[in-house]
Trainee: 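Submitted below is the structure of interest, expressed as structure tokens.
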Amino acid sequence: MIHVEGLAKRFGAVEAVRDVSFTAQDGRITGLLGPNGAGKSTTLRILYTALVADAGRAEIDGVDVARDSLGARRRIGVLPHGAGIYPQLTARENVRYFGELHGLRGPALERRLDALIEQLGMGEFADRRAKGFSQGQKTKVALARALVHSPPNVILDEPTNGLDVMATRALRELIRELRTSGHCVLFSSHVMQEVAALCDEIVIIDHGRVAGAGTPAELQARFGGATLEEAFVNVLGVQEGLA
Amino acid sequence: MIATLLAVLRKELLETVRDHRSLASSLLMGPVLGPLLFVFAMSLSLKQSVTSLDDAQPVTVAGADHAPHLVQHLRQQGFTVTLREGAAAEVPGWIEEDGELVVLLVPEGVGERLLAGEPAAVTLFADGSNNKADRRANRVRAAITGYASGLAAMRLQARGVSTTLMQPIVVDEVDLSTPTSRATLILGMLSYIILVVTLVGGLSLAIDATAGERERGSLEPLLTAPVPREHLIYGKVLASASFMAIALAIVMVTLGSSIHRVPLEEIGMSANFDVRVGVLLFAVTLPFVAVGASLLTVVASFTRSYKEAQTWLGIVLLVPTLPIAIAGVLDVRASAPLMAVPSLSQHLLIQGLLRDEPLPASYVAISVASTLALGAALTWLAGRLYRREKILG
């Protein structure tokens, strides 16, 4: 479970996050939705301890990310925005490196690698160098890397960016599988349709604040509109340019 | 922490070994080609300066019949004399054909004037702008001067005057400076090459492990691993230091197997470079990789891209060589306080070993301790830098 309360973060004169609070439950998919520059990535980066919040609290399974960043990191698997992999290593070696950093060793690690390669359909390219991988293949490696330590919480920042239709479908399927197995999945997107297709809970973020939150049906009921898209536009105001 | 260090070390080494281009530039271009180029250039320049002293010097003499004794004297002095007939007006044409030609013109009547004890003029033609011709002309001039003073002495003796009257002051020249200063220069260049090539050995890894990691977007995922950030960077410093150590070992092997080609004995130096010295050189220089790797990593962590890192590190490569340059100018000798200056202490120890001078164990101890201390401080600094948020760019 991921719990965020009153989070704020500024970079110089820019207030990237002003006041963000939400809870992402286990066994549910929670989507952070908002235009580019709304503060989604900054919120997630505070959660996975790349940044330190100026104010507010963030907890992963009750572990405060600021006080016990290592403990928090052990409980999350992260797919950062535009995550790169090591081109000179094979897909398996890329994932194994992270397994080792998570303290996995020997046969247990190798079994975990085999299972991930099977689960993510990476068999074909698992032992090829990552140099010429397609964006879809890279994303699979990055996702396997994020899941190698079987974290209870998974954070995905714009995971479908740059993926083609088939790869996007496959990724959505994977995210649903994570939910089925009881994970807490938190992901961000600026694509409304994607969030609508996948999420149990939606947190709309705009100008560093939560502009609305709830299930798709709740959002539609509260903000009006025949479709989720209309509800979304009502939340943000029509002047917002959305992708 | 050890497990993390080993995991990072293994991954960085594997990655660099697989990247053939950076591997070649780290371990082939620098450690092998660098010293070989040095040995080649040194042996070439030394051989040239040595052989030019012993070579038979050619000189062309026109009108040799007018002063046969002079020509004989030139031959005795080791000159290869070519006889050619022609007047003064023709000589410039000969030199135009062959710029290295040195022509001595002996006009008619020289023999008679010499016999009569009167001043006799000969003319020496040479192209002064041609280095070789100029050198040859100087030697001919010296030989003729020698011949002339011999004649003068005989004339004075024939008139009952002691020849010592001609030498109110005798200057005894004992030239010690030339071979020594040359040797110092060459030794200085050797330790410079050893240190720079060692640094270059870990350069691409230091860049790749920091700026490269950021540029590829793999740094952020890496920092989500549940290990302290500074442990990751310690592993990277260790990897870079390992590559520097390998480069250092390769330099030693390359130098050890090629340095005998430099005719060091000719300039009064012995090539004191056997296996024992090679191992000692490696051992006294090894602590330097701690400073090199951590320094490059600290600088690379400030840069935003691979390209920027390369630019900066090119400049940083000069920093450890500054003390050597200053020491070269001031001609400092090894002393305990200087042993506390990393890179300078390695330079002085390398020089001492190559010259086969006795090195106090305390010097080595101070050098190792001060160098490792600076390396540890810089590694700690690199770790601190990695804890900043800004590191993600």
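Reminder, nothing fancy here: chain letters follow the sequence lines and each chain counts from 1. Quick caveat: nothing in here was measured; it's all calculated off a predicted structure.
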Trainee: Measuring heavy-atom distances to chain B, does A/Phe98 have an atom under 4.5 Å in its side chain, in its backbone, in both, or in neither?
Mentor: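 Just the side chain, heavy atoms under 4.5 Å.
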Trainee: With a strict 4.5 Å heavy-atom criterion, list every residue of residues 137-158 of chain A that contacts chain B, or say none.
Mentor: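 The list, in residue order, reads A/Arg145.
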Trainee: For A/Leu70, which atoms come within 4.5 Å of any heavy atom of chain B: side chain, backbone, both, or neither?
Mentor: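 Backbone plus side chain of A/Leu70, per the 4.5 Å heavy-atom cut-off to chain B.
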Trainee: If I measure from the heavy atoms of chain A, does B/Leu6 come under 4.5 Å with its side chain, its backbone, both, or neither?
Mentor: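 For B/Leu6, neither part sits under 4.5 Å from chain A.
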Trainee: Heavy-atom count check: over 12 atoms from other residues, nucleotides or ligands less than 6.0 Å from A/Phe22 CZ?
Mentor: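 More than 12 heavy atoms, drawn from other residues, nucleotides or ligands, come within 6.0 Å of this atom.
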Trainee: Inspect the surroundings of CZ in B/Arg21 and state if more than 12 heavy atoms from other residues, nucleotides or ligands are less than 6.0 Å away.
Mentor: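 Open.
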Trainee: Which heavy atom in A/Thr49 sits nearest to a heavy atom in B/Arg229, and how many Å separate them?
Mentor: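 A/Thr49 and B/Arg229 have their closest heavy atoms at O-NH2, 3.5 Å.
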Trainee: Mind checking whether B/Leu222 and A/Tyr97 have side chains closer than 4.5 Å, heavy atoms only?
Mentor: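 Side chain of B/Leu222 against side chain of A/Tyr97, heavy atoms only: contact under 4.5 Å found.
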Trainee: For chain B, which candidate among A/Val52, A/Leu79, A/Ile85 shows the most heavy-atom pairs at distances under 4.5 Å?
Mentor: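 Max contact count across the listed options: A/Val52.
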Trainee: For chain A, which of B/Pro226, B/Gly212, B/Pro228 has the most heavy-atom pairs under 4.5 Å?
Mentor: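 Result: the option with the highest number of such pairs is B/Pro226.
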Trainee: In terms of heavy-atom contacts, does CD of A/Glu118 have more than 12 from other residues, nucleotides or ligands at under 6.0 Å?
Mentor: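 Atom CD in A/Glu118 is not crowded, with 12 or fewer foreign heavy atoms closer than 6.0 Å.
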Trainee: Closest heavy-atom contact between B/Ala225 and A/Arg73?
Mentor: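 That closest heavy-atom pairing would be O-NH1, 2.8 Å.
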Trainee: Which answer fits B/Glu213, side chain, backbone, both or neither, if we ask what part of it has an atom under 4.5 Å from a heavy atom of chain A?
Mentor: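 The side chain, not the backbone.
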Trainee: Supply the atom-to-atom distance B/Leu14 CG to A/Thr90 OG1, rounded to the nearest 0.5 angstrom.
Mentor: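 One gets 8.5 Å once the value is rounded to the nearest 0.5 Å.
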Trainee: If you look only at pairs with a residue in residues 119-131 of chain A, which of them pass as a side-chain hydrogen bond (donor to acceptor under 3.5 Å, both in side chains), with sequence neighbours excluded?
Mentor: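 Found A/Arg92-A/Asp127.
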Trainee: Is it the case that more than 12 heavy atoms not belonging to B/Met29 sit under 6.0 Å from its CE atom?
Mentor: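 Counting neighbours around CE of B/Met29, 12 or fewer heavy atoms of other residues, nucleotides or ligands fall under 6.0 Å, so no.
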Trainee: Give a yes or no on this: more than 12 heavy atoms of other residues, nucleotides or ligands lie within 6.0 Å of atom CZ of B/Phe40.
Mentor: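 No.
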Trainee: What's the shortest heavy-atom distance between B/Arg18 and A/Gln88, and which atoms?
Mentor: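 Result for this residue pair: NH1-O, 2.9 Å.
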Trainee: Tell me, side chain or backbone of B/Val17 under 4.5 Å from chain A's heavy atoms, or both, or neither?
Mentor: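 Looking at B/Val17, nothing touches chain A.
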Trainee: Are B/Thr4 and A/Leu101 packed together at the side-chain level, in the sense that at least one heavy-atom pair is separated by less than 4.5 angstrom?
Mentor: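 Touching, per the 4.5 Å side-chain cut-off.
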Trainee: Looking at chain A, which one of B/Leu223, B/Leu219, B/Thr16 has the largest number of heavy-atom pairs inside 4.5 Å, strictly under?
Mentor: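 Greatest number of close heavy-atom pairs with chain A: B/Leu223.
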Trainee: Could you tell me whether A/Glu93 and B/Lys11 have a side-chain N and a carboxylate O separated by less than 4.0 Å?
Mentor: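 Looking at A/Glu93 and B/Lys11, the cut-off is not met.
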